There are 2 protein chains.
Amino acid sequence: MPHCHTIIQTLHNLGFRMTPQREMIIEAIAHAEGHITAEEIYDLVKERTRAVNVATVYRTLDLLVEKGLASRADLWDGRVVYATSQHGSHIHLVCRQCGDIFNADHMLVESLGDLLQTNYGFSADLQHFSIIGLCAHCRAEQEQGSINKGG
Amino acid sequence: MPHCHTIIQTLHNLGFRMTPQREMIIEAIAHAEGHITAEEIYDLVKERTRAVNVATVYRTLDLLVEKGLASRADLWDGRVVYATSQHGSHIHLVCRQCGDIFNADHMLVESLGDLLQTNYGFSADLQHFSIIGLCAHCRAEQEQGSINKGG
DNA sequence: CTCCTTGCAAAGCCTTTGCACGCTG
DNA sequence: CAGCGTGCAAAGGCTTTGCAAGGAG
């Protein structure tokens, strides 16, 4: 995946030094399917080397977010996830049952943004935000369960 | 406001004991305009009596949420706010500049819910959730500032 | 009288910070 | 060589927990 190279290059061009730690952290987040926690990144990097520290992960993530190369989203339960900006604007649909995260696409983001702007004059940051609920799968399971109980 | 009595009554009917602490905590959250932090509740109750502890506030809030009498929402910045269920479904619009919280009304909640259900089969819990962005006021200020800078 | 609730303080979780050393450029 | 970036460990904020005493029913 060449995407991480773009990020590394960009940081470099901004005058930041490129260390093995930063490279590996960037690769970890860039390779993630879209959202990943700080701890997951730390674990991924630790698999490759011992020369990394949680503090460095947090510092690098802060840097990426600050430079707009990644974004962070606070899930409803206190979890915080990161994603590279390549993934574009999307909304996290977080299932309260299985904990899975689904992405709602750009169209929805835009229509919601327009609605808020028109009705409330509110300029929403919808890059990465999350809605809690029940995914189709868990919803079906739950109904299945109540049918079994009921009958 | 008789609303708090309903909550107190409901808890009582569920077999929970009614203590002065619980009453005052419930009154505090019920009298809030819609969203209030655990700390704010604690402060409000402390104004009325010394006989209260943060732990009790947290325990009571957990109880209320568990019984569906109140709901909690995690704001984008780690803040957690509570509201009684009387306030109905609404969306918190949180301004990242001034930190203020605005409520978007029911109509918006429903249309968003329908959209997610139709397109993703996702049953969203939209009772109390939050969107970060810039309120009209801060947006105007920001533009004002850039105009002054620019000219 | 029973045992649910409380207060207290300590622990817990995740994240941030200060400092000296090491490495990038 | 200059100074940014790192590891380490301790601190930090908010929330939860264990335990004994107290109060509701």
Side-chain angles (χ1 to χ4, degrees), chain A residues 7-29 35-46 48-67 69-82 99, chain B residues 7-29 35-46 48-67 69-82 99:
Chain A
I7 298 179
I8 292 171
Q9 195 58 50
T10 307
L11 270 191
H12 207 178
N13 293 344
L14 286 170
F16 293 96
R17 295 186 178 167
M18 202 38 55
T19 65
Q21 288 87 342
R22 280 188 175 162
E23 279 188 7
M24 286 188 283
I25 291 167
I26 289 169
E27 282 165 19
I29 184 176
H35 36 70
I36 185 168
T37 65
E39 199 185 344
E40 285 167 349
I41 293 173
Y42 180 50
D43 288 342
L44 280 173
V45 176
K46 263 197 306 191
R48 298 177 55 185
T49 177
R50 286 190 329 192
V52 69
N53 188 276
V54 217
T56 303
V57 173
Y58 282 107
R59 282 188 282 231
T60 303
L61 287 173
D62 282 350
L63 179 64
L64 291 174
V65 171
E66 195 186 312
K67 296 307 164 194
L69 298 168
S71 58
R72 59 172 280 170
D74 289 70
L75 272 34
W76 95 103
D77 58 355
R79 278 189 296 170
V80 179
V81 294
Y82 294 85
Chain B
I7 298 179
I8 291 171
Q9 196 57 52
T10 306
L11 269 191
H12 206 179
N13 293 344
L14 286 170
F16 294 96
R17 294 184 181 170
M18 201 39 54
T19 64
Q21 288 88 342
R22 279 188 176 162
E23 279 189 7
M24 285 188 283
I25 291 167
I26 289 170
E27 282 165 20
I29 184 176
H35 36 70
I36 186 169
T37 65
E39 200 185 344
E40 285 167 349
I41 293 174
Y42 181 49
D43 289 343
L44 280 174
V45 177
K46 261 197 306 190
R48 298 176 57 186
T49 178
R50 288 189 328 192
V52 70
N53 188 276
V54 218
T56 303
V57 173
Y58 281 107
R59 282 189 281 229
T60 303
L61 287 174
D62 282 351
L63 179 63
L64 291 174
V65 171
E66 195 186 311
K67 296 306 165 194
L69 298 169
S71 57
R72 60 172 280 171
D74 288 71
L75 272 34
W76 97 101
D77 58 355
R79 279 189 295 170
V80 178
V81 294
Y82 294 84

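Just so it is clear, the structure is predicted and the values come from calculations on it, not from any experiment. Proteins get letters first, then strands, A, B, ... in listed order; numbering begins at 1 in each.
Regarding A/L14, its CG atom lies at a distance of 15 Å from the P atom of D/dC4, rounded to whole Å. In this structure, A/E39 places its CD atom 14 Å from C1' of C/dG12, rounding to the nearest Å. Computed from coordinates, the A/F16 CZ to C/dT24 P distance equals 17 Å when rounded to whole Å. Rounding to whole angstrom units, CD of residue B/E40 and C1' of D/dC14 are separated by 14 Å. Rounded to an integer number of Å, the gap from CZ of A/R59 to P of C/dG18 is 11 Å. In this structure, A/I8 atom CD1 and D/dG5 atom C1' are separated by 16 Å, rounded to whole Å. Between the CZ atom of A/R17 and the P atom of D/dA2 there is a distance of 12 Å, given to the nearest Å. In this structure, CG of A/L63 is placed 13 Å from P of C/dT16, rounded to the nearest angstrom.
For the OP1/OP2 pair of C/dT6 and a distance below 4.0 Å, the side-chain nitrogens and oxygens of B/T19 include at least one atom meeting the criterion. Here B/H12 reaches the OP1 or OP2 of D/dG25: one of its side-chain N or O atoms lies under 4.0 Å away. Proximity of B/Q21 to the phosphate of C/dG7: a side-chain N or O atom is located under 4.0 Å from OP1 or OP2. Taking side-chain N and O atoms only, A/T56 has no distance below 4.0 Å to OP1 or OP2 of D/dG5. In this model, the phosphate group of D/dT6 is not approached by any side-chain N or O of A/N53 to a distance below 4.0 Å at OP1 or OP2.
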Less than 3.5 Å apart, which donor and acceptor atoms pair up between the side chains of residues 35-45 of chain B and the rest of the protein, not counting sequence neighbours?
unit_1 : atom_1 : unit_2 : atom_2 : d
B/T37  : OG1    : B/E40  : N      : 3.1
B/E40  : OE1    : B/T37  : N      : 3.0

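Counting any heavy atom pair closer than 4.0 Å across all strands shown, A/V54 reaches no nucleic acid atom. Contacts of A/R22 with the nucleic acid, taken as non-hydrogen atoms under 4.0 Å apart, involve only primed sugar atoms and P, OP1 or OP2.
For the pair B/T49 and B/M24, the minimum side-chain heavy-atom distance is below 4.5 Å. A 4.5 Å side-chain heavy-atom check between B/E23 and B/I8 finds at least one atom pair inside the cut-off.
For A/R72 against A/V65, the heavy-atom pair with the smallest separation is N-CG2, 4.2 Å.
Here C/dA9 is the nucleotide among C/dA9, D/dA2, D/dC8 with the atom lying nearest to any side-chain atom of B/A55.
Comparing A/I25 and B/V80 by the nucleotide of DNA chain D that holds the closest heavy atom to each, the one mapping nearer the 5' end is A/I25. Where A/M18 and B/V52 meet DNA chain C, the nucleotide closest to each residue was compared, and B/V52 sits on the side nearer the 5' end.
Not a single side-chain hydrogen bond (donor to acceptor under 3.5 Å, both in side chains) links B/R17 to another residue, sequence neighbours left out.
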